[in-house]
Amino acid sequence: MLVSYKWLQDYIDLSGVSAEELAEKITKSGIEVEGVEKLNEGMSGIMVGHVLECEKHPNAEKLNKTLVDLGNGETVQIICGAANVGKGQKVAVATVGAVLPGNFKIKKAKLRGEESHGMICSLQELGIEGKLAPKEYAEGIYNFTPDTEIGQDALVALNRDDEILELGLTPNRADAMSMLGVAYEVGAILGKDIKLPNPQPETSSEQANDYINVTVEAKEDNPLYVAKVIKNVKVGPSPVWLQTRLMAAGIRPHNNVVDITNYILLEYGQPLHAFDYDKLGSKEILVRRAKDGEVIETLDDAKRTLSSEHLVITNGTEPVALAGVMGGANSEVGSDTTTVLLESAYFTGGAIRKASKDHGLRSEASSRYEKGVDPERVRPAAERAAELMIQLAGGELLGGVVEADSLEVKPAVVSTTLEKINKVLGTDLEMKQVEDIFARLKFETSVDNNTITVTVPTRRGDITIEEDLIEEVGRLFGYDNLPTTLPIGASTPGHLSEYQKKRRVVRRFMEGAGLYQAVTYSLTSAEKAAQYALDQREPVELAMPMSEDRSILRLSIVPQLLEVLKYNIARQNDSAAVYETGAVFLKNSNDDLPEEREHLAAAVTGLWESHPWQGEKKPVDFFVLKGIVEGLVAKLGLDNQLGFQKAVMEGMHPGRTAEILLNGNVIGFIGQVHPTMQKALDLKETYVFELSLKALLEAETAPLQYTAIPRFPSITRDIALVVEKEAAAGDLKKVITEAGGTLLKEVQVFDLYEGEKMEQGKKSLAFSLKYFDPEKTLTDEDIAKAHTKVLKALEEQAGAVLRG
Amino acid sequence: MQDRLKELQAEALEKVAAAADLKELNDIRVSYLGKKGPITEVLKGMGKLSAEERPMMGALANEVRDAISGQIEVKQQELEEAAVQKQLAAEQIDVTLPGRPVKTGSHHPLTSIIEEIEDLFIGMGYTVEEGPEVEKDYYNFEALNLPKGHPARDMQDSFYITEEILMRTHTSPVQARTMEKHQGKGPVRIICPGKVYRRDNDDATHSHQFMQIEGLVVDENVRMSDLKGTLQVFAKKMFGEDREIRLRPSFFPFTEPSVEMDISCKICGGSGCSVCKGTGWIEILGAGMVHPNVLEMAGYDSKKYTGFAFGMGPERIAMLKYGVDDIRHFYTNDVRFLKQFSVEE
């Protein structure tokens, strides 16, 4: 809502309160003022002048040479390019030395040999948007009415010496979608009285009900319809004050009749519609739901097909307006209109919202009906419009009342207690202060002991419960004046859950390991949603996606991280290492929420370690990522439950991929991205893993318990084995561990050799075995006994022989 | 015999003094003091001496040995010291060469903001609650006083999956779920961070996916002044002790009264600049007293219980705090962007 500071003063005395100050007060106690615009900002030296002479420029086809009386005793020659300039016009002249928007300074100039002392201005040149300027002045210079006094400041004549407060209205404050509503609000904030219009139009002896009869079929959608007939109107331009008020509020002036309806819409918040009575084709108004497939051509020349969910105004048979949204072209007021049928109606929100949404038409009228208009203003708004049509269009209002009224107006009566108010706000107010606040709001109250009962005017439809009253008290008392306290009552220990704590540990570990945390989108394409899914369940789809790329909920995070790598590598980052924790979504039945399972995923490409001057450059490989997984699992105390087994998976390198197991259950995968996929993403060797973080964080761990530091020395035996090339180190380690008995405490691979010294199809793996006994120093004999068992088992179970 | 010992001593001491390295010195030790050395050899002739001479000669032999081994020890220390010096001289490095980089990653900036807020409220007795990102219409809207057809549902156009299931448009459903779990009893003090989704085209200031963090306190005797005090603690800890807060009226269907909180602008200190659009204030969050309908629907007696709730956007806070100019940066994950947040503040 755009509120003119000057116009507001019709209703309330604002002396001593500047527009800026007013804006701040309104923001603090009522409605956010999003900005204050000075309409004459950056402009000066513009006067109303009189064009005394106008002829073609001798040397230029498209220019005119004019002589303009500036009204200050000066008459100057001005060259003007506008096609519509003419002798006798009253125009806005930017004189020499004037400044126009954009710091455009006017200087004396010579145009094709003729001197020009200034510029005759269009409305756009004076800072008025073209779409708001009256159609006849959308191009070319503006003409003041002939009675305009010359020599005065043209910006004052155009009411541009005004400031506009832009109110950011929340949906509950529909009452402030009118100047009267804003006046009430400002009156409450400043504690001042307001002055309302009191229309009392004269009526002629002719009776309106001889001209029109109103029937409402759809009473729920339209409980009140008021019609007025105004004869003998002369359609023409509105006076400047009216045009400029409309423009400042963002509405384009058309003609006096239409402008008056728009003016009342702004003043009362009550949408009105003017029909050309003679074009109606009947003496009847019938309000009903549209028939399915019925067509109406609206004022914007669009043909619209209606349904029974829309409400129409008809002449008994044909629709003449889409109720509350836009009038019909067939009954539009034009320059030849002489009799106006004025509609002031109370439509309920539903049908209007539906029509406005279905037809993509949000008008000033529809947005007010959607949020709710004041039923008590339907009649006064019609009276006021009729009064202006008499004054400004020379019309004659017919007598009598033509209405269809099934509306029951019941102001809300809400009570609260002083105790409750103080309890909710944390204040120490007295009843007198509370009463005073409601008096400022012009709400009627009655007090009984500590209970206050408020009769809420219909304009404030947002107030229905006692908390609403408390809000009124709170905001007008001033939130600045509220005490500052902290909650009292039983204390609660603040903490993270075990799961949340561990998740933080995981993040810290991943970051310590050298990966950056990424956050990617949950919505993805059908193609990506299925890639790398640990659990190939049906994906969850949006009913109405905005694009194919964001239509399905992810089943895995790896595809998103690969996108991140691609993005980074394409931007001259030679390597990138990222991880993410987040939900993947697994569909349950249609009626149930999907299962949201938290995953951890990582993706690394390029160099892992680089220390150039020492000649070290190590690209990422499988074991880098595996080491991270092992380290992480160990950090969580689950290393004894962890396993890896070779696996084949779509999109992954068939020789370099493994499943990650926890307690024998597959919880994730790790490996190199398939070279074809790498190529498609323009990536070099890239390694990824993804696992169920939920499984990892919810796994049972043994409580942390101290074990004694060994007091006796351990003995290490190294063995180099010759095995088949395909033999897995993990299997050999398992054989060793099982055969080594309780004395064998640690087994580590320390060498792998596959070079030319080996027999074809063989490789050498070397293990380091550490034996110790917590109870005593081991003898050679003890070790030999265990070690022999190990060697025997290796040979028998794995065909591994000691390398000679 | 005596002369011979003196002679050996002089000879050995001369060699010790001339020894060039530890090996030579050791050879000298072995050749003079060893079992096959000349002193032992000389002492073999002791049997020929008289009983009076024997102890005298023995003492002399020991004296000679001690003298030689003493000198060897002195010389050894000298040579060792020289060897150390030589080694050190050979081990010079250029200390200005760069060190070996430690591989590090870091938090996403949104995680930093969320964890900072979580920790701040944990310190005030709150627990952290989370809930599903795909939510029932009931929890996302209805339980929050947004029945079907409510005009305020337009404010947050949503991604529906079925008629009853949608991507949550705010983290408030976690509040509804938590209150329901508490079965009408207090106190509830929670903070709820998480991802939310709205039907917006992604641009510099909009994202179809973003983060929210909300707080809720429900108990007997929770006052609006408590909300003000709590938000003040938050604002000062998060944005600096010198910041002022201001509450101004607003509207949310799930709170009544509803407010928005502004903090005084850090850039201009309140006098007005481009960051605060000339107002001196920056909008940070929405808050209010929990609407009685919300309390009742979750099973609380709204005559007895009151509560406050507040909610904010970590993206907005990060943008203000770090001066980030485009919300999309948080979701493209450019490493050059992420790296900037590895500094611990």
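A, B, ... follow the sequence lines: proteins, then strands. Residue 1 opens every chain. The structure displayed is predicted, hence computed values, not measured ones.
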Peer 1: Kindly write out the residues that satisfy ring-ring contact (aromatic ring centres under 6.0 Å, His included) with A/Y516, not counting sequence neighbours, or none if the list is empty.
Peer 2: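 None.
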Peer 1: What part of B/D219 is in contact with chain A, defined as an atom under 4.5 angstrom from a non-hydrogen atom: side chain, backbone, both or neither?
Peer 2: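 Just the side chain, heavy atoms under 4.5 Å.
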Peer 1: Side chain, backbone, both or neither: which part of B/D202 has a non-hydrogen atom closer than 4.5 Å to chain A?
Peer 2: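 B/D202 touches chain A through side-chain heavy atoms alone.
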Peer 1: Heavy-atom distance under 4.5 Å to chain A: side chain of B/I161, backbone, both or neither?
Peer 2: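 When you check distances to chain A, atoms from both the backbone and side chain of B/I161 fall under 4.5 Å.
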Peer 1: Using a strict threshold of under 4.0 Å (side-chain N to carboxylate O), is an ion pair present between B/K136 and B/E164?
Peer 2: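 No, B/E164 and B/K136 are not salt-bridged.
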Peer 1: Of the backbone (N, CA, C, O) and the side chain (C-beta and beyond), which part of B/V102 lies under 4.5 Å from a heavy atom of chain A, both, or neither?
Peer 2: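 Looking at B/V102, nothing touches chain A.
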Peer 1: Tell me, for B/N201 versus chain A, whether the close heavy atoms (under 4.5 Å) come from the side chain, the backbone, both or neither.
Peer 2: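 Looking at B/N201, backbone and side chain both touch chain A.
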Peer 1: Determine, for A/D480 against B/R248, whether the closest basic-nitrogen to carboxylate-oxygen distance falls under 4.0 angstrom.
Peer 2: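 No, this pair does not count.
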Peer 1: Side chain, backbone, both or neither: which part of B/P109 has a heavy atom under 4.5 Å from chain A?
Peer 2: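 Looking at B/P109, nothing touches chain A.
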Peer 1: Relative to each other, are the rings of B/H108 and B/Y331 parallel, tilted or perpendicular (30° and 60° limits)?
Peer 2: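 B/H108 and B/Y331: tilted rings.
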Peer 1: Of the backbone (N, CA, C, O) and the side chain (C-beta and beyond), which part of B/E115 lies under 4.5 Å from a heavy atom of chain A, both, or neither?
Peer 2: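 Contact with chain A is through both the backbone and side chain of B/E115.
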Peer 1: Where does B/K339 contact chain A at under 4.5 Å (heavy atoms): side chain, backbone, both or neither?
Peer 2: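 Both parts, backbone and side chain.
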Peer 1: Which bit of B/T279 is near chain A, if near means a heavy-atom gap under 4.5 Å: side chain, backbone, both or neither?
Peer 2: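 The answer is neither part of B/T279.
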Peer 1: Using heavy-atom distances under 4.5 Å, tell me whether B/V128 contacts chain A through its side chain, its backbone, both, or neither.
Peer 2: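 Answer is both: backbone and side chain atoms of B/V128 are under 4.5 Å from chain A.
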Peer 1: Could you tell me whether B/H291 and B/F254 have their ring centroids closer than 6.0 angstrom?
Peer 2: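 No; B/F254 has its ring centre 6.0 Å or more from that of B/H291.
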Peer 1: Going by atom type alone, with no hydrogens or angles, which donor-acceptor pairs under 3.5 Å involve a side-chain atom of residues 230-237 of chain B and a protein atom two or more places apart or on another chain?
Peer 2:
unit_1: B/T230; atom_1: OG1; unit_2: B/D226; atom_2: O; d: 2.7
unit_1: B/K236; atom_1: NZ; unit_2: B/E241; atom_2: O; d: 3.0
unit_1: B/K236; atom_1: NZ; unit_2: B/R243; atom_2: O; d: 2.9

Peer 1: Under a 4.5 Å heavy-atom cutoff, which of B/F159, B/Y197, B/F308, B/W281 has the most pairs with chain A?
Peer 2: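 Sorted descending by pairs with chain A, the first entry is B/F159.
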